[in-house]
Amino acid sequence: MERTYIMIKPDGVQRNLIAPILERFLAKGYILRGLKFLTVSKSLAETHYADLSSKPFFGALVEYITSGPVVAIALEGKDVVAQGRKIIGATNPAASAPGTIRGDFCIEVGRNVIHGSDSVESAERELGLWFPEGLVDNTPVLLSQIYE
Ligand code: DAT
Ligand code: MG
């Protein structure tokens, strides 16, 4: 089964969006394999966003992600990387359809409340970075009610 890394960013936490955001993924049927509430060091933020280090907004991005606690989430499910990105919406909330998390909950690209891995490879890298202790074994009893 595929896995992805989701993170509720500091603005999402401060705006009390932890529950409504988590609800969307869990109600969909994805399995929770990791969940923690933590403050982010500058070096973890820089490593997480390493591929954006040459962008003009990199400094502001690191400052934003380290500005308060985040919720780190590991999810498992069929095609969860791509489907999770659909649930999240486009990078810029202005281009995110209503019904997506970014379309419903935020306005600006630099305050877009949530992260989701963009490929299976980056998901594995990010899960290793944010959950170095490994994931939690969690197989719902009613899996046959989610998958045929
Ligand atoms: P995504 O978060 O949709 O995967 P990304 O990986 O390209 O998007 O960028 C990571 C974050 O950086 C994004 O969620 C918000 C910020 N960002 C991206 N493009 C930006 C821009 N043009 N101006 C300001 N912040 C930007
Ligand atoms: Mg990205």
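Computed from a predicted structure; not experimentally measured. Just follow the structure's listing: the first ligand is 1, and inside any ligand the first atom is 1.
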Can you list the ligand 1 atoms lying under 4.0 Å from a non-hydrogen atom of [X]?
{"X": "Y49", "result": "10 (C)"}
{"X": "L61", "result": "11 (C), 12 (O), 16 (C)"}
{"X": "N112", "result": "13 (C), 14 (O), 15 (C)"}

Would you mind telling me if ligand 1 is within reach of the side chain of R102, the backbone, both or neither, using heavy atoms under 4.0 Å?
-> side chain

Region of L52 engaging ligand 1 - heavy atom pairs below 4.0 Å = side chain

Lys/Arg-Asp/Glu bridge criterion (N-O < 4.0 Å) met for [X], [Y]:
{"X": "E133", "Y": "K36", "result": "yes"}
{"X": "K42", "Y": "E46", "result": "yes"}
{"X": "K78", "Y": "E2", "result": "no"}

So is K9 close enough to ligand 1, meaning a heavy atom under 4.0 angstrom away?
-> yes

Close approach of R111 to ligand 1, heavy atoms, under 4.0 angstrom =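 No, that is not the case, since the closest heavy atom of the residue is not under 4.0 Å from the ligand.
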
Atom CG of N138 and atom CG of L75: how far apart are they, to the nearest 0.5 Å?
->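 CG of L75 is found 10.5 Å from CG of N138.
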
Give the residue, atom name and distance (to 0.1 Å) of the protein heavy atom nearest atom 1 (P) of ligand 1.
->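 For atom 1 (P) of ligand 1, the nearest protein heavy atom is T91 OG1, 3.5 Å.
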
Quick one: is the NZ or CZ of R15 closer than 6.0 Å to the six-membered ring centre of F105, and within 45° of its axis?
-> no

